[in-house]
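Below is one structure, written out as C-alpha cells; the observations come after it.
Chain A is the first sequence line, chain B the second, and so forth, proteins listed ahead of strands; every chain is numbered from 1.
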Protein chains: 2
Amino acid sequence: MSAFRKSIAKCMYLAESGIRRSSSMVSPDTKPVLYSYCYSSCSWRVRIALGLKKIPYEIRPTSLVTNRANEFTTYTNEYRELNPMQQVPALQIDGQTLCDSVAIMHYLDETRPLHPLLPQDPHKRAKVREIVEIICSGIQPLQNRLVLSHLGKDKSREWAQHWISRGFRGLEKVLSLSSGKYCVGDEISMADCCLVPQVFNARRYKVSLDPYPTILQLDHSLTTNETIRASHPHSQPDCPPKLANK
Amino acid sequence: MSAFRKSIAKCMYLAESGIRRSSSMVSPDTKPVLYSYCYSSCSWRVRIALGLKKIPYEIRPTSLVTNRANEFTTYTNEYRELNPMQQVPALQIDGQTLCDSVAIMHYLDETRPLHPLLPQDPHKRAKVREIVEIICSGIQPLQNRLVLSHLGKDKSREWAQHWISRGFRGLEKVLSLSSGKYCVGDEISMADCCLVPQVFNARRYKVSLDPYPTILQLDHSLTTNETIRASHPHSQPDCPPKLANK
C-alpha cells in the first residue's frame, strides 16, 4: 500500500473509531458489548473471563453462516468492519473494539485487576500462558469449524479426534504437574477459561477422555462453578431452542 | 490419575526440577539455554526476542526427526523430559524450564523490563497481542511441519498456501491500520518477533506476497535489522551446511 493510501486508510479508521468511541462512551458506565457465538470456544473463553472478573456486559449474538462453498464466515457487514479476521469474539470496551480471546483476557486483567486471571509469580504466569497456548494455538485452531468445514464431512471427525487427542496427551502431562484445584495451583486463571471449552469440544467430537484423568477432574470441578455454568453455550441467547438450558 | 499417583508424579517433578535447578544455577550469571531448531518459527520468535532484549544465551540445537510414519517428534530423551508437548522451543532460565514461545516472550518482558516487547498503553498492548495470536494461533499451527507431515507431500503445499493466504488477508487489514515503523506504531514488539518467521514460511511455501504490501514493507524493514538478521535460520548452528549464511 502506498504511503498515501495507507494514510487515507488510517484517517478512515480514526474517523470510524471516533464514531464508535462517541457512540459507545455515552456514559462511563456503558456496559462492554461482547460479540459472541454460543458454540465458539473463543467466545466462551471471554464469557468465562468476564464472569470470573464480575464485569457486567451485554451480549450480541453473532451468527456464523456459510456464504461460500466450504467456508464459514461471520454474518453481518457491521461485524466485518469490527474484526478483519472475521472471527468471534470481539469486545467493545472503554471506547475501543478488541479482537482475539487471549488479547481480550489480558486486557481485562491489566485494566481491571480485581479477581485476577494471572498469578503474581512470574513462573506461575509463564505456566498459565503455556497452558493457554497449548490449547489456543496447539489444539483449538486445528479443530475449529473453519478447518473442519474445509476438510469436509467425511474427514472432519477423524481429523478433530487426532489433533485433540495428540494435544491432550501433552496437556495431561503438563496439568498433572501444575494443577491443584485449578490448572495452575489453587488460583483460577485464564488457563481455566480455555480448558472448559476445549473439553466440551473433545466430547462433541467423541474423543475418549479416559486417558486424561487430570483434565477430567479439572473440568468437573470447573463446570460445577456457577459462574462458569452461566457461560455455557446452552445458556446463551443464540443457543438452538432444542438445546437451550440442557 | 489417583491422588497418590499424582502426588508421586509431583515429587518426581520436584526432584527432577531440583536437579535441573542446582545444575543450572551454578552461578547467578548462568546464561539461559535455548532449545531451538533453526527452521522452527516458534524457536525463531524467541531468538528474536532474546536478541532485541539483549539477553545473552546459549543455544542448544534440538533436531526434529521422523521416528514414526508421518510423525515428526523431538529428538532426545532429555528433551522429552523438558517439554511434554515435544515441541521446540524451551528456555532454561532462572532455574526453571519454560515452554511455548508466547509464554517465554511474556516471561522475558515481565522479568527483564529493559528493551520492552510490549507498549505501555493497554489498547496498544491488546493490539500487539491480537497480532501475535493471529499469527501464532490463526496461521502457524495450520502450516507447521507436524500438520503438513500428517497431510502428506501431495496435499501439504496447497494446504499451507490456503491457510497462510487466508490469515494474511486479515492480518494485512489489521496491520494496515495499526502499523508505523513496526507492527504497532513505531515501537518494536513481540508482534514483530512473530511476523518475521511467518513471512519466511509464506515464501517457503510459495505464497504470493503481492496482495500484502504492509506485511512486505514491515518484513523488509525488520529483516534489515542486524539483531533480527543474526536470528535467521541460516545463521544458526544447526542450519544445513549448504544453506549456512545465505
Close contacts, residues 100-108 of chain A versus chain B, judged by heavy atoms under 4.5 Å: A:D100, A:V102, A:A103, A:H106, A:Y107

Residue part contacting chain B, namely of A:E110, when any heavy atom lies under 4.5 Å: side chain

For B:E133, salt bridge (Lys or Arg N to Asp or Glu O under 4.0 Å) partners two or more places apart: none

B:L151 portion near chain A, given a 4.5 angstrom heavy-atom threshold: side chain

Minimum heavy-atom distance A:L142-B:P141, with the two atoms named: CD2-O, 3.6 Å

More than 12 heavy atoms from other groups under 6.0 Å of NZ on A:K53: yes

Euclidean distance, A:L98 CG relative to B:R129 CZ, rounded to 0.5 Å: 11.5 Å

Region of A:L91 in contact with chain B, defined by heavy-atom distances below 4.5 Å: neither

Closest-packed option against chain B by number of heavy-atom pairs under 4.5 Å, given A:G167, A:C99, A:G170, A:P122: A:C99

Mutual orientation of the aromatic rings belonging to A:H150 and B:W163 [parallel < 30°, tilted 30-60°, perpendicular > 60°]: perpendicular

Enclosure of A:K124 NZ (heavy-atom neighbours >12, cutoff 6.0 Å): no

Per-residue contact mode, A:V147 against chain B (heavy atom under 4.5 angstrom): both

